[in-house]
Structures are given as C-alpha cells and as structure tokens.
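Report on the structure given below.
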Amino acid sequence: MNRGIYEAAAGMIVQETNLDVVANNLANVDTTGYKRRVSANADFSALMDGIEKVSEDAETKITTVLPADMPFKGRKIIGSFALATVFSEDVMDTSPGVVKTTESPLDMAIDGPGFFSVADGEGNTFYTREGNFVLDNNGNIVTPNGMSLQGEGGNLSVGNATHVEVNRTGQIIADGEAVGRVSVFNFENPTYLRHEARNLLTPTEQSGEPEAVANVRIWSGALEMSNVSVVEEMVRMIEAQRVYEGASKALMTHDEQTSKLITSFSRG
C-alpha cells in the first residue's frame, strides 16, 4: 500500500471540507445574526505504533504505544503509523457582529452573550441571534418564517395592540401594558451549537443544555449583523486552495513514482 497516495488524498479531502465551510460563511455574510463557522482542527486519525496484549483477568485487551526499544516477544504489532489526517469538526465563532439601527420596534439585538428561543408548530425549540421579528395575523411575535418567539410563559403575543415596543430588559409593552418578557438563553460552550438551518441552532452534548440568562439586555430597533469578514474568509479560501494544489501535486508525484516502480519490476 502506498501511504503517500493516501496521505495526499486525505489532505485534499480536508481542504475540500474546509472550502465548503468558507463558502457557507461567505454565502451568509449578509444574514442577520449569523455566526461564522471555523475549523476546529485536523486530527491525525489511523493506526499508531502500538501493541495489543491481554490483561491479568484474561478478558480485556489493552493497547499501548510501542517504544522503539521494547522487545516484541509475546506482543502483537497492530499498526505502524497514521495513514493521514481528517477534518475533525467545525465550530461556531461566537464573537458579536456589528449592531445596525433599524428603528423597527420588533427588531431586537442581544447586548452580550445569549440566544433568542423560537419554536415551530411541531414543538421543536431552536436558538438564534437573528432578531428581526414581526407580528402574525393573531398578534404573535414570530420570525419571518413563522416561528414563535419564546418568553417566560411561552409564545409572546400582543393581541390587537396598535403600539408595541420592547424595553431594555426585554419586556414587551403593548399599548402601554406589559404583556411578557423575551427569554434569552446561553450555553456552557455555545461554540459547539449545531446549525440546523441558516440561522437556527440546537444544543449538542458538547455545548451543554440551555440556561436562562438572568439579566437580559436588549437593544430595541436594532439588529446584530453577521460576524463574517469577507477579507478574512477570502484569505482562508486562498490558503485552502494552495494547500489543495500542493496535496494534488504530491499525489500525482507518488502515482508517477509508483508507476515507474511497477514498470521497472515488470521488466526485471
């Protein structure tokens, strides 16, 4: 097996995935509240030099790294070295975006960490920084695609009110009367939240469960914009393309060398 070909091919696959992440960020540069994704790291993944033996209870197999000076007697070699690298995961950059004033009373931007909670008609809850809310035909505060903004008691509704505003603490004021308060949630490790759609997030085991933010601070009549930097993403794209080209050339070189080796053996 030609390990060089595997390593070069794996490097190309890593950069393809990296380019997909960058392209998605660039596609959402104008998406309100969008948080860009970045590659966490590329882990070495495959068999490492090691040994396999049976524990004292004669049941459990134990694998350990094999030192260079360790004798082989009574031990079984299970591998040599890592075949290649793989793209392990991408995570969310939680840094804030620029806040833009809109003067629309139901536009909201969270001042500080946290996420709005929205629910669809099937009882599924999502989290988002996108704060461009509107009223539906029943007076409920919803996202542009119809998901209900959640407050301390569930869906937030202003009924038939003609004047609606949101104060600094997230309290909804309809015709001069407080009708609810916007709920904001945060996570232990929000960077590991999973993107389910363009701007909808769900918890993962790594992110932890949602915890209500006690002191909510809301900017009313304003929206948080995407934190994507076009210049930075273009630099990342160029870097990924250059690495991909290098890995591609390495693969072709290994292929040519292998072909020459096979030819020389066949002639011999």
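FYI, the numbering just counts along the sequence from 1.
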>> Could you go through R217 and T169, starting from their C-alpha distance and side-chain angles, then the distance that decides it, and tell me whether this counts as side-chain hydrogen bond (donor to acceptor under 3.5 Å, both in side chains)?
In response: CA-CA 5 Å; R217 293 180 299 174; T169 63; over 6 Å; no

>> Run the side-chain hydrogen bond (donor to acceptor under 3.5 Å, both in side chains) test on N140 and S148 for me, step by step, so that the C-alpha distance in whole Å, both residues' side-chain angles and the decisive distance to 0.1 Å come before the verdict.
In response: CA-CA 7 Å; N140 297 311; S148 300; 5.6 Å; no

> Passes side chain to side chain contact (heavy atoms under 4.5 Å, CB included), S117 versus T125? Steps please.
Replying inline: CA-CA 7 Å; S117 174; T125 301; 3.4 Å; yes

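Note: the hydrophobic cluster containing M234 also contains V228 (ILVMFWY, side chain heavy atoms under 4.5 Å, direct or indirect links). Y34 and V22 fall within a single hydrophobic cluster, where Ile, Leu, Val, Met, Phe, Trp and Tyr are joined by side-chain heavy atoms under 4.5 Å apart, directly or via other members. Note on L19: it does not cluster hydrophobically with V21, by side-chain heavy-atom contacts below 4.5 Å among ILVMFWY residues.
Here the shortest heavy-atom pairing between M237 and L26 reads CE-CD1, 3.6 Å. When all heavy atoms of M12 and A247 are compared, the closest pair comes out as CG-CB, 3.6 Å. D175 and A161 make their closest contact through OD2-CA, 3.2 Å (heavy atoms, listed as atom of the first residue, atom of the second, distance). Contact detail for G208 and F187: the closest heavy-atom pair is O-CD2, 3.2 Å.
In this structure the side chain of V29 never reaches within 4.5 angstrom of the side chain of E233, judged on heavy atoms. By the 4.5 Å heavy-atom criterion applied to side chains, N186 and E211 are not counted as neighbours. P144 has its side chain within reach of N132: a pair of non-hydrogen atoms, C-beta onward, lies under 4.5 Å apart. Residues D93 and R37 form no side-chain contact, since every pair of their non-hydrogen atoms from C-beta on lies 4.5 Å or further apart.
Under a 3.5 Å cut-off, the side chain of S207 and the backbone N or O of Y192 do not form any donor-acceptor pair. Judged purely by atom type and a 3.5 angstrom limit, D107 has no side-chain atom pairing as donor or acceptor with the backbone of L223. Listed for the R129 side chain is a donor-acceptor partner under 3.5 Å among the backbone atoms of G114. In this structure, N227 contributes its side chain and R36 its backbone to a donor-acceptor pair below 3.5 Å. N28 places a side-chain N or O within 3.5 Å of a backbone atom of N24 that can act as its donor or acceptor partner. A distance-only check finds no donor-acceptor pair linking the side chain of N189 to the backbone of T191 [under 3.5 Å]. A donor-acceptor pair is defined here as one N or O able to donate and one able to accept, closer than 3.5 Å; such a pair exists between the side chain of D120 and the backbone of E122.
With respect to the salt-bridge test (charged N to carboxylate O, under 4.0 angstrom), the residues K100 and E224 do not qualify.
Cluster note: L106 groups with M108, I110, F116, V118, F126, F133, L135, I141, M147, L149, L156, V158, V164, V166, I172, V179, V182, V184, L200, V213, V216, I218 through ILVMFWY side-chain heavy atoms spaced under 4.5 Å, whether in direct contact or through intervening members.
Annotation: the span from Q15 atom CD to Q241 atom CD amounts to 10.0 Å, rounded to 0.5 Å. Summarising the geometry, atom CD belonging to E152 is positioned 8.5 Å from atom CD belonging to Q171; distances are rounded to the nearest 0.5 Å. Here the CG atom belonging to D136 is positioned 10.0 Å from the OG1 atom belonging to T143, to the nearest 0.5 angstrom. For the atom pair CG (N167) and OG (S220), the distance works out to 8.5 Å, reported to the nearest 0.5 Å. The structure places OG1 of T204 at 6.0 Å from CZ of R194, a figure rounded to the nearest 0.5 Å.
The number of heavy atoms from other shown groups lying within 6.0 Å of CZ (R168) is above 12.
The closest side-chain donor-acceptor pair between N18 and Y244, if any, does not fall under 3.5 angstrom. A donor atom on one side chain and an acceptor atom on the other are found under 3.5 Å apart for T202 and E196. Side-chain atoms of Y127 and N199 form no donor-acceptor pair, as typed in the model, at a separation below 3.5 Å.
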